[in-house]
There are 2 protein chains.
Amino acid sequence: MKITIKEIAERAGVSKATVSRVLNNSKPVNEDIKKRVLAVIDSTNFKPNAVARSLSLKKSHLIGIIIPDLSNPVFSRIIAGIESAIRNLDYSLLITATDFNVDMKMQHMQILKDKGVDGLILVTDHGNEAFFEAMLEFKKPIVMIGSDSAVDSIPVVKINNYKAACEATQHLINLGHEKIGMIRGPLTDPHSGYERFMGFRDTMMKAGLFDEARIAEGWYSFDDGYKGLSKIIKTSPDISALFCACDLMAVGAMKYATEKGYKIPDDLSVLGFDDVEIARMYNPSLRTVRQPFEEKGRLSIETLIHMIEHKGEHISFANHILTHELILRESTTSFKREGQTIE
Amino acid sequence: MKITIKEIAERAGVSKATVSRVLNNSKPVNEDIKKRVLAVIDSTNFKPNAVARSLSLKKSHLIGIIIPDLSNPVFSRIIAGIESAIRNLDYSLLITATDFNVDMKMQHMQILKDKGVDGLILVTDHGNEAFFEAMLEFKKPIVMIGSDSAVDSIPVVKINNYKAACEATQHLINLGHEKIGMIRGPLTDPHSGYERFMGFRDTMMKAGLFDEARIAEGWYSFDDGYKGLSKIIKTSPDISALFCACDLMAVGAMKYATEKGYKIPDDLSVLGFDDVEIARMYNPSLRTVRQPFEEKGRLSIETLIHMIEHKGEHISFANHILTHELILRESTTSFKREGQTIE
DNA sequence: TTGAAAGCGCTAACAC
DNA sequence: GTGTTAGCGCTTTCAA
């Protein structure tokens, strides 16, 4: 605790500067002296104080992470990806959660800035004007995950939600379904909400199948899925397939359907989005669009660290669009006119 | 970025010391001067540099968290509890994951120490000698969650796994079941593994029902539960109830049972442990022992911060045993001899 | 009450 | 190659 670089210098009979040089390999040091210093460092088990180093270097090797909710796998898996990628990179993670609150987001940006983070990863839905301004004034590298930055200087790691939703919808159409419903997210949420819905809507329209009556909206929870399907079934009991903007809503819908005596997939095909763990574990297992959560985390942290370490080079960072994938599981099947049960 | 306390001092026509005093209310300052300084601070939007302050104060307002796996809800919900409790407390969280690797744990302790954390929360299974030694040499307050510290000076926040397992087992016995199996964790894991198993075993023995043939072991995953039940059923096909050391294994077992044509709970009652989110969402919903994850997090961070801020007072911290609760759901029912199907 | 100055532990010119 | 020295931005004796 009390042992410092000065102490090492004295014991090794050299100056602090020399010790610093061997510590960082910043300048050549005579081999013998180096050995001597290293020996002392070793014997005392000395570790340089990172705080002092930060102050001097104006570099903390700290990365700030701002995320809506730590206990939601949709986010925590991204964090896990970031964390495992960062292990060898000699950075540490300062993590905060916002409960989807924009003000909290900005507040945390300020706190993280004060703590001297070298960069920031924002896993976030969407922001307001003040938020975008705060991003511009942050002055340190930022990478966003999932959401657009609306700012050229801030790279984004995401998937193509629109395209994924088109493919998912087309999958159901190809199975012969016509009365297809969707439980979407809020349209004010540009990615998981708006884009996924537009993909569904456009694909359905192209096929001449879109019907507003088979749409419900929820905030991505199990309960929202449960209620969503109950609402759709009231006005449109002949629905044969359902696309949900996330797995949790799909599971909620399956739970509701099962309680009402529907067999899945025979009476109702259900298709989710995300491929969180529950999708493969559920009964029946859920067909869904997989997004590469861990990969999102890994790629964003790598991009961020590149930006931090090549500051001033003004490299332009293209946004990264990662690939999604439709996972084959039990919850969808082809439409069978005669087999269908309608309540 | 470049605006410092010195700058503020100059603009307000006072010394750095005075600015520091108004910033921290550390010593009385003339009201007029105080106002003037505050005005300058406000107009410049000045925020003191936390790194410099850390160096001077030898206090970082950083808390280190070491956790096995960030993407597992059993752990991430604890983190969420810590995070939400810490918001108003002016501390930030430095989080690292170890993938259940003891060496990684110690390595991260060192890193966090270097970063100058004021305290540490260890969410962990169990350690070895070297690990306990590292804890003693950490020199800063530590709180452990879940696992025993084996060290008096380190308080622990946990539940009574043994008692909870006894109650869970008794519940199944009370329902009339006799051929009750268990998928346990590894016995080398003292809490979720050993204690939960001992609770089961002792209760079964007392009732004269214990049978080693109906025990399987797994590492807490869905797949382990799936395989575990398949193993038990091979040797003991007449099993009518199953207790699992965690929900994920219970779900895996239910999936297997369902695939094999067992009806749950009619042919097989299943009881889990933890009450993670999937338990209530599953089909059927899973009866389980709830542990208060968020509460664990909240309590541990409060204890830790208390220790940090009352250092030297040598308060003795009792371990906190939080209460568990058996949650009533669909997956267990009373034993009916005639209704039972055996494959 | 206030200010000057030393110091937290480390790095990086600059000079030797 | 090595040592001296001046910071990094803030807090805190110690004097005034």
Side-chain angles (χ1 to χ4, degrees), chain A residues 1-38 40-41 44-62 90 111 113-118 139-140 309, chain B residues 1-38 40-41 44-62 90 110-111 113-118 139-140:
Chain A
M1 202 62 230
K2 25 185 19 180
I3 164 159
T4 72
I5 198 174
K6 186 174 165 215
E7 175 77 13
I8 301 294
E10 281 167 10
R11 296 206 198 184
V14 297
S15 72
K16 295 191 304 177
T18 301
V19 177
S20 176
R21 281 170 197 135
V22 338
L23 236 27
N24 305 298
N25 270 312
S26 46
K27 279 199 170 176
V29 172
N30 177 298
E31 271 306 315
D32 288 346
I33 296 189
K34 192 176 203 163
K35 281 212 181 81
R36 207 164 71 224
V37 171
L38 246 20
V40 177
I41 289 177
T44 54
N45 196 23
F46 164 75
K47 300 277 189 271
N49 177 318
V51 175
R53 182 179 265 171
S54 292
L55 183 61
S56 185
L57 251 34
K58 293 157 159 311
K59 184 147 182 347
S60 63
H61 276 235
L62 249 33
D90 187 30
I111 292 172
K113 193 174 179 178
D114 297 345
K115 295 276 182 182
V117 298
D118 296 336
K139 298 280 168 50
K140 305 224 171 151
E309 299 188 343
Chain B
M1 201 63 232
K2 24 181 26 176
I3 165 161
T4 73
I5 199 175
K6 187 175 164 216
E7 175 77 12
I8 301 293
E10 282 167 10
R11 295 207 200 184
V14 296
S15 72
K16 295 191 304 178
T18 301
V19 177
S20 177
R21 282 169 197 135
V22 338
L23 236 27
N24 304 299
N25 271 310
S26 46
K27 278 199 171 176
V29 172
N30 177 297
E31 270 307 315
D32 288 347
I33 296 189
K34 191 176 205 164
K35 281 211 181 84
R36 206 164 73 223
V37 171
L38 247 20
V40 176
I41 289 177
T44 53
N45 197 22
F46 165 74
K47 301 277 189 271
N49 178 319
V51 176
R53 179 178 269 171
S54 293
L55 182 59
S56 185
L57 251 35
K58 293 158 162 309
K59 182 147 182 352
S60 63
H61 275 233
L62 250 33
D90 188 30
Q110 182 61 56
I111 292 173
K113 190 173 180 179
D114 296 346
K115 296 275 182 182
V117 297
D118 296 335
K139 298 280 168 48
K140 305 226 173 150

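The basis for the numbers below is simple: all heavy atoms, side chains too, and nothing from hydrogens, waters or symmetry mates. In the text below, chain A, chain B and the rest are named by the order of the sequence lines, each starting its count at 1. Here the structure is a predicted model, which means the values were calculated and not measured.
- Look at CG on Leu55(A): it is 12 Å from P on dA12(C), rounded to the nearest Å.
- Of the two residues near DNA chain D, Phe46(B) and Lys27(B), the one whose nearest nucleotide lies more 5' is Phe46(B).
- Thr44(B) contributes a side-chain N or O that, together with a main-chain N or O of Ile41(B), makes up a donor-acceptor pair within less than 3.5 Å.
- When distances run from any side-chain atom of Thr18(A) to the nucleotides dT2(D), dC10(D), dG3(C), the shortest one goes to dT2(D).
- Checking the phosphate oxygens (OP1, OP2) of dT11(C), a side-chain nitrogen or oxygen of Arg53(A) falls inside 4.0 Å.
- Exactly one of Leu62(B), Val51(B), Asp114(B) qualifies for a side chain to side chain contact (heavy atoms under 4.5 Å, CB included) with Val51(A). That residue is Val51(B).
- Along DNA chain C, the nucleotide closest to Lys16(B) and the one closest to Ala50(A) are compared, and the more 5′ of them pairs with Lys16(B).
- Nucleotide dT11(C) holds its P atom 10 Å from the CG atom of Asn49(A), rounded to whole Å.
- Judged by distance alone, the side chains of Arg36(B) and Asn30(B) never bring a donor and an acceptor atom under 3.5 Å apart.
- Distances shown here put a side-chain N or O of Asn24(A) below 4.0 Å from the OP1 or OP2 atom of dT11(C).
- We find that CD1 of Ile5(A) is positioned 16 Å from C1' of dG7(C), with the value rounded to whole Å.
- One can place CZ of Arg21(B) at 8 Å from C1' of dT1(C), the figure rounded to the nearest angstrom.
- Atom-to-atom, CD1 of Ile3(B) to C1' of dG9(D) comes out at 12 Å; the value is rounded to the nearest Å.
- Side chain of Ser60(A) to backbone of Gly116(A): a donor-acceptor contact under 3.5 angstrom is found.
- Considering only the side chain of Asn30(B), dT1(C) comes nearest among dT11(C), dC10(D), dT1(C).
- The side chain of Ser20(B) has dT12(D) as its nearest neighbour among dT2(D), dT12(D), dG9(D).
- Side chain of Asp118(B) to backbone of His61(B): a donor-acceptor contact under 3.5 angstrom is found.
- At the phosphate of dA4(C), neither OP1 nor OP2 sits under 4.0 Å from any side-chain N or O atom of Ser15(B).
- Taking the side chain of Leu57(B) as heavy atoms from C-beta on, and the options dT2(C), dC10(D), dT11(D), the nearest nucleotide is dT11(D).
- In this structure, the NZ atom of Lys58(B) is 14 Å from the P atom of dT13(D), given to the nearest Å.
- Rounded to whole Å, the distance from NZ on Lys6(B) to P on dG3(C) is 16 Å.
- When rounded to the nearest whole Å, the span between NZ of Lys115(A) and C1' of dC10(D) equals 14 Å.
- Checked against dT11(D), dG3(D), dC8(D), the side chain of Val14(A) finds its nearest nucleotide in dG3(D).
- Remark on DNA chain C: of its neighbouring residues Gly13(B) and Leu23(A), the 5'-side contact belongs to Gly13(B), judged by nearest-heavy-atom nucleotide.
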